[in-house]
Each structure stands twice: as structure tokens, then as C-alpha cells.
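Note on naming: letters A, B, ... go to the chains in the order of the sequence lines (proteins, then strands), and numbering restarts at 1 for each one.
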Amino acid sequence: MSDLKRVLGEAVGAAFAAEGLSADHGRVTVSDRPDLADFQSNGALAAAKAAGRNPREIAAKVVEHLKSDPRLASIEIAGPGFVNMRLTGEALTERARQIAADPRAGAPAVEQPRRVLVDYGGPNVAKPMHVGHLRSSIIGESLKRLFRFLGDEVVGDAHFGDWGFQMGLLIVAASDENPAWARVAEQDEGEIEDLGLDVLDRLYPMAAGRAKEDKDYRDRARRATAELQSGKPGYLRLWRHFVEVSRTALKREFAALGVEFDLWKGESDADPLIPQMVEDLKAKGLLVEDQGAQIVRINREGDKRELPPLLVISSEGSAMYGTTDLATVLDRRRSFDPHLILYVVDQRQADHFEQVFRASYLVGYAEEGSLEHLGFGTMNGPDGKPFKTREGGVLKLHDLIEMAREKARQRLHEAGLGAELSPEDFEGTADKVAVAAIKFADLQNFRGTSYIFDLDRFTSFEGKTGPYLLYQSVRIKSLLRKAEGEGHAAGPIVIDEAAERELALTLDAIDAAMTEAYAKRAPNFLAEHAYRLSQSFSKFYAACPVLAAPTPQLRASLLALAQTTLRQMETVLALLGIATPERM
RNA sequence: GCGCCCUUAGCUCAACCGGAUAGAGCACUCGCCUUCUAAGCGAGCGGUUGCAGGUUCGAGUCCUGCAGGGCGCGCCA
């Protein structure tokens, strides 16, 4: 099943071909001028340029071929050679019925399903989730759901940051903090008690700060890192403890956001593969020694600048950021053999991924082009720098969600819905509203650009917001409940009124929205579609009273349209990671 | 210093291979609840797309230069 844009594109393409021109010129887009047309084709302009002919003349020939197309109510030439098309009510009716009958609500599917791995770019052990982690989680989650929905086999991996220098830092800091913990570390004796998240939370920033100033401290941590990685038993025990404590807390945080990983792998899981990887690099003559470290040079002909090499083994003998990432590519090739790996990580790490990708291609762990870094911008404060609270600290994700929840509770109370709902439903609704607000505020932006973190915006429930989308869905649910209570059922759709036409055209546009979101790996196109669908429905809702429809046939049609809208809306919202409540 | 990204309405952001009159939300002004949820709908206001050139029938989009901002650049991740 195809959307109207594609179907019309084929017809227009055939008309071009009949004139001896490339059918590629037949591309049809939604009209920029809804006052003039539903769809347009600009192909005559490009074709004229290529053939050295007059665009209006070509457009006229094309129109001649399409004039008798029964789907078109009108087709005419405008401006320098635009072809404007308006559809008949019958054509829209047919398309709307197709969507209504489609279990996928009009969504497309990929032709060649691939195995895709989504790497969420890892939250780190010992670092509590703050607003900076928001983007990778919700963008990654949305892409995972989108790819899966369109037919790819997708695995999401948290890629936990549980290896490397930060672990050495924590071991040193914990040893200094408490003699009992030091005993575990050095002698592998005794128990680890009272070492919870709060302690890690405090120790890590302290140790990281000190390592920057204090060279001896830094060297101790680097040695500890190397010893951990070479398997010192006490260090391993402490490390497992850190990981367990952090993972439990992170799972809770992610669950609150509706983010689920298929794999909770960490950087440490790639560690056993490092010897093999080093062998592979050596066998290909890629590994060279430089300044005491083992590196891979990854520069290419035509580079505009010299990229630093990938550091494989530090001069201390320990694995680095790039080491585990490269070994992880090998791990994934062996376990899942993905056609595509998407790294949803901060844009600032673009160079790092370029290094890892090039090294992966060189050593043969991945097919050229099969690794993609989907960088996203940072969330900045009003000063344009990464967001900090007024106290200068980071805002914890948990606190952000709670703030939004509190706002949602207030609004529910104001609307007098508190009494009607059970306490559980009330909290459930407040939670869904809060999560929708936060996710939509982020996902409506193109992922690549940085944006200003604005608490008011994140908790605003009016206008182009998540709660607006939920509100429209809930209105439909309420309408459908009422209709059912009165014994009215949905029936065949007939598109007639302007508001119905617009809604049908918007429903049809889901195909293009998903195709584009998929191609660009950019959920904002889904967010945009969800918003347009809400708007179209809201107009329809105001213009076409459903229950008070003059005839049973019309009421059945309107009900079917409402039902279909709800189904498509929930489909798209689900891909954004947003769930709809029954009432609000 | 080298490289990458960004600059669009007062604010926050869109804009489908280069196409018609650059779109939304917020804010502001006005109108609409005895009929399906007003977290809504309608109308208005708001633009030299940072600046200067170039390519093109046509540029927010492509090219060059400049200004301003962000980020990255070997043993952190």
C-alpha cells in the first residue's frame, strides 16, 4: 500500500516518460499552497533545464496526459511551470478507508529488513543520570522503536561506561575513604559495606577533580586502572560492586523514562576480546608504537587535517575509550553481525567515532559505511553553555521528571479530575503527562542542533507540547466511549467537508513522515507529524460534531475517522516513546 | 593555529533533490464554552533568513569571503 504522494508520483512520472523525459521528474510533494492544491509536481522546471525546453510547455504536455485521471478533481499549471493537483473526494475516501483498514495505520515498511544495533552511548557508572543524559536516551529509544516498527531487526544496547580510567579513580578514591574498602581492594578480604550510590555520587566528582590537579593521584588512578584490567581480584570485587549499585539505580531512572535496553552490555564486556583484536591489528600491520603507546593511524588521502591516531594501548598498558569501542565492534560482529550500528552520542565525540570507524574498516570488523555516529547537540543553559542549575550543579533527571509530574498534578486538580480518578490512575496520568512533556520538548528539535534547556517549556502544557498530543488522544477516547455507550458504531468513511479532507490528507502523510525520519535518523519528523495530526483532528473536532451528526451514515463515517486518527496517533506516539492515558 | 557545527519573527524552534506568499508554538491583541474534554478552536500582530559577493529562470538551502557563537584537536570517557 502506498501513500498518495507516491501513487501520484508514479502517474506523473509516467506522463514525463511518455514525453520522452526522465520519470524521475515526476516526484510529487505535498503542496506548499494548500489554497491552490493538495499536491504539486515541480518536475517540469528541472526537466526543462535538462532538455533546454520551455517549462510551461512541458508542464502542459504532462497535464494533457493526466487530465483524464479519475483521481484528480483538477490539475493545472501555475507560475513558471508548477503542476497543481487537487484530489477528488472519492480518491481521498478510498485512501482514508485503506488507512482505516490497515493494521499499521498507513505506515510504510522497509523493503529489505536489516539487522541494526542502536548504541545509546552509555551512561557511566557512578555518574547519576542528569539532564545531559536525556537526549541519548530518548532519541536512541525513539530510533530503536522506529527502525523496529519499519521492519528491521533491532537491538538496543546501553553500552554502559564501566571500564577505563574512571574505574581506577573510583578504586583509589574508595580506598582512601575507608580502610575496610581498601582492605577489599588490596587483600581481597572482608566485606564491602555501606558503599551505596550516594557514596559513589560524592566520590567520583571529587576524584575526577583531584586527578586534574594532582599528578601523583592521577598516576595512582592510572596504575589502578591497569591493575583492574589485568584482573587484580580485590579491584575486581570492588568494581563489580560499583557496577551493580549503579546499574540498579540507572535501571530505575531509565524505566521512569520508558527506556528499555535489550542489552545491558558495558565497555568491560569487550575487554576479553582485546587480545584477539590486538592480534588482528598486528597481523594487518596496523598497530604501531608511538611515544610508549600502541596506536593505529587512521588518516586518509584527501583529509583536510590530520586526525589523531586511535590509541589502543596506553603507555601504562591499559585499555582506552577507543580500545573498548573498537573491540565492541568486533564483539557485535560476532554476536549479532549487524548491517548497521547507530551510535547515539553527543556531537562532541564526532572525532572519536571517526577514529573508531576508520580503524574498524581498516581491520575489517565492519563494512565501510556501516557505522554511523548520530550526534546530537548539547542542552544549554540561557548562557549558551551546557545546562547547570542555579547552584552550579547538574539537574538530576529524577528531579526534572518530578517537577513535571508536580505540574501535571496541579493541572489535573484545576480541571477537577482528581476526584473522578483513583489515586493510582491519577498518578499514572500525571506521570504520562510529565514524560510526554519532557520527551516531546526534546524530540521536536532536530537532533543535530543544540538547544536551550528551558524548564518552563519542558513543563508547559499548552501549544506544541506533549500534553497537547495526549489531550487530543484523550478527547478521541472519550468520544469513542460515549459513542459506544449510545450504541453507535463506526462505518464506511466518506470524505466530504474541508476539515475531513484535511484530516485525510494528514493521515496519508504518515508514510512520508516515517520515511524521512528513518532516512535521516531524526525523530523530529515523527514529532512534527504527530502534532499536525493533532491539529487536523482538533479542527475536525470543532467543525464536525460526531454524535450529533444528522444521519447515522455520516456519524459512522466520522466515528471511523476519529478511530483511525487515534490509532495512527498512538502508533506515532509509541515511536516517540510516549504513552497515552485514558483520561486527563 | 587547524578542523567541524551553528546564526531564520521579541523568545524557542521548523522548512521534504534548490521552487510559488519562509512556517509552528510561546508572548501580545481580539472573538468563541446551555451540544462529543476550552490543556481547545478561529482571527490578528510579528521576517532584508548574521553581513558581502557568486552560480541559477529561481537560493534560508549550493560556492567564496567576512563577522559573531559553540565544539573538538594523543594516553578522560
Side-chain angles (χ1 to χ4, degrees), chain A residues 5 24 27 29-33 35-36 40 42 45-46 48-49 55 78-82 84 121-122 124 127 161 163-166 169 208 211-212 218 222 267 290-293 295 303-311 313-316 318 320-322 324-325 346-352 375 377-378 380 384-385 411-412 414-415 417 433 441 444-446 448-452 454 456-457 460-465 467-468 470-472 474-483 486 512-513 515-516 519-520 524-525 528 531-532 535 538-539 541-543 545-548 562 583-584:
Chain A
K5 195 164 133 169
D24 295 341
R27 199 170 67 99
T29 58
V30 171
S31 178
D32 297 332
R33 298 285 306 272
D35 53 320
L36 299 178
Q40 63 181 337
N42 303 336
L45 295 154
K49 194 173 194 171
F82 302 110
N84 283 337
N124 285 322
K127 295 184 193 169
W163 211 229
F165 182 66
Q166 53 184 342
L169 270 177
K212 272 185 192 157
R218 185 167 63 235
R222 291 189 59 198
E267 293 172 336
D290 191 82
Q291 299 170 36
I295 65 166
D303 280 356
K304 285 190 179 168
R305 67 192 158 124
E306 193 167 337
L307 267 170
L310 183 80
L311 261 114
I313 308 289
S314 79
S315 48
E316 288 289 335
S318 53
M320 309 288 294
Y321 186 25
T324 46
D325 272 359
D346 193 322
Q347 185 59 43
R348 288 177 294 193
Q349 301 192 35
D351 284 357
H352 164 74
T378 48
N380 297 331
K385 309 243 171 177
R411 295 300 293 266
L412 284 168
E414 281 164 22
L417 280 165
V433 169
Q444 66 170 305
N445 298 315
F446 178 70
T449 52
S450 295
Y451 70 101
I452 307 283
D454 181 347
D456 291 339
R457 193 167 136 241
S460 163
F461 298 160
E462 272 153 33
K464 195 173 183 177
T465 63
Y468 170 82
L470 297 190
Y471 177 73
Q472 298 304 342
V474 164
R475 276 214 299 201
I476 302 177
K477 289 186 185 185
S478 170
L479 172 63
L480 296 176
R481 269 197 304 269
K482 201 156 264 186
E486 294 178 14
T515 303
E516 187 148 25
K520 294 188 173 166
N524 61 305
F525 293 100
E528 189 63 32
Y531 181 66
R532 288 202 184 136
Q535 272 190 320
S538 202
K539 283 183 195 172
Y541 186 84
V546 177
L547 297 178
R583 292 182 169 80
M584 65 184 274

>> Just N and O in the side chain of A:Ser538: are any of them under 4.0 Å from OP1 or OP2 of B:rC41?
In response: yes
> When the nearest nucleotide of RNA chain B is assigned to A:Arg583 and to A:Thr465 on a heavy-atom basis, which residue is associated with the more 5' position?
Replying inline: A:Thr465
> Can you find a donor-acceptor pair, distance only, under 3.5 Å between A:Arg27 side chain and B:rC17 base?
Replying inline: yes
> Has A:Lys49 got a side-chain N or O lying under 4.0 Å from the OP1 or OP2 atom of B:rU56?
Replying inline: no
>> Looking at the base of B:rA77, is there any donor atom on it, or on the side chain of A:Asp325, that sits under 3.5 Å from an acceptor on the other one?
In response: no
>> Parallel, tilted or perpendicular, judged at 30° and 60°: which one describes the rings of A:Tyr468 and A:Tyr531?
In response: tilted
> Which nucleotide, B:rC73, B:rG19, B:rA77, lies nearest any side-chain atom of A:Gln166?
Replying inline: B:rA77
> Considering every strand shown, what is the Watson-Crick or G-U wobble mate of B:rG10 when both distances are under 3.5 Å?
Replying inline: B:rC26
>> Taking any heavy-atom pair under 4.0 Å as a contact, classify A:Gln535: base, sugar-phosphate, or nothing.
In response: sugar-phosphate
> Considering only side-chain heavy atoms of A:Pro545, which listed nucleotide, B:rG25, B:rG72, B:rC36, is closest?
Replying inline: B:rC36
> For B:rC66, which nucleotide is its Watson-Crick or G-U wobble mate, given both distances must be under 3.5 Å?
Replying inline: B:rG50
> What integer number of Å spans the P atoms of B:rG74 and B:rC13?
Replying inline: 31 Å
>> Just N and O in the side chain of A:Ser478: are any of them under 4.0 Å from OP1 or OP2 of B:rU37?
In response: yes
>> Between P on B:rU12 and OH on A:Tyr531, what's the gap in Å once rounded to a whole number?
In response: 18 Å
>> Once hydrogens and angles are ignored, does a donor-acceptor distance under 3.5 Å link the base of B:rG74 to the side chain of A:Asp290?
In response: yes
> Around A:Arg532, counting heavy atoms of other residues, nucleotides and ligands shown, do more than 12 lie under 6.0 Å from its CZ?
Replying inline: no
>> Does the structure show a Watson-Crick or G-U wobble partner for B:rC41, both distances under 3.5 Å? Name it, or say none.
In response: B:rG31
> Across the strands shown, which category fits A:Asp456 at heavy-atom distances under 4.0 angstrom: base, sugar-phosphate, nothing?
Replying inline: nothing
>> What's the gap between B:rU61 and B:rU48 when it is taken at their P atoms, as a whole Å value?
In response: 16 Å
>> For a quick check, tell me whether the side chain of A:Gln40 and the base of B:rA20 share a donor-acceptor pair closer than 3.5 Å.
In response: yes
> OP1 or OP2 of B:rA38 less than 4.0 angstrom from a side-chain nitrogen or oxygen of A:Arg475, does that happen here?
Replying inline: yes
>> Could you measure the distance from the CD atom of A:Gln40 to the CZ atom of A:Phe82? Nearest 0.5 Å is fine.
In response: 6.5 Å
> Yes or no on side chain to side chain donor-acceptor pair (under 3.5 Å) for A:Arg457 and A:Thr465, after CA distance, side-chain angles and deciding distance?
Replying inline: CA-CA 8 Å; A:Arg457 193 167 136 241; A:Thr465 63; over 6 Å; no
> Do any side-chain nitrogens or oxygens of A:Tyr468 fall under 4.0 Å of OP1 or OP2 in B:rC41?
Replying inline: yes
> Given B:rU12, is OP1 or OP2 found less than 4.0 Å from the side-chain N or O atoms of A:Ser460?
Replying inline: no
> Roughly how far, to the nearest 0.5 Å, is the OH atom of A:Tyr321 from the CG atom of A:Leu310?
Replying inline: 11.5 Å
> Which pair of non-hydrogen atoms, one from A:Met584 and one from A:Pro467, has the smallest distance, and what is that distance?
Replying inline: CE-O, 3.8 Å
> With a 4.0 Å cut-off on heavy atoms, is A:Phe165 in touch with a base, just the backbone sugar-phosphate, or nothing at all?
Replying inline: sugar-phosphate
> Which nucleotide in the set B:rC16, B:rA20, B:rC36 lies at the smallest distance from any side-chain heavy atom of A:Leu547?
Replying inline: B:rC36
>> Please determine whether a side-chain nitrogen or oxygen atom of A:Arg532 lies at a distance below 4.0 Å from atom OP1 or OP2 of B:rG23.
In response: no
>> Taking donor-acceptor contacts at under 3.5 Å, does the side chain of A:Asp32 reach the base of B:rC16?
In response: yes
> With nearest nucleotides of RNA chain B determined for A:Asp35 and A:Tyr471 from heavy-atom distances, which residue corresponds to the more 5′ nucleotide?
Replying inline: A:Asp35
>> Quiz question: going by heavy-atom distance under 3.5 Å, is there a donor-acceptor pair between the base of B:rC36 and the side chain of A:Lys477?
In response: no
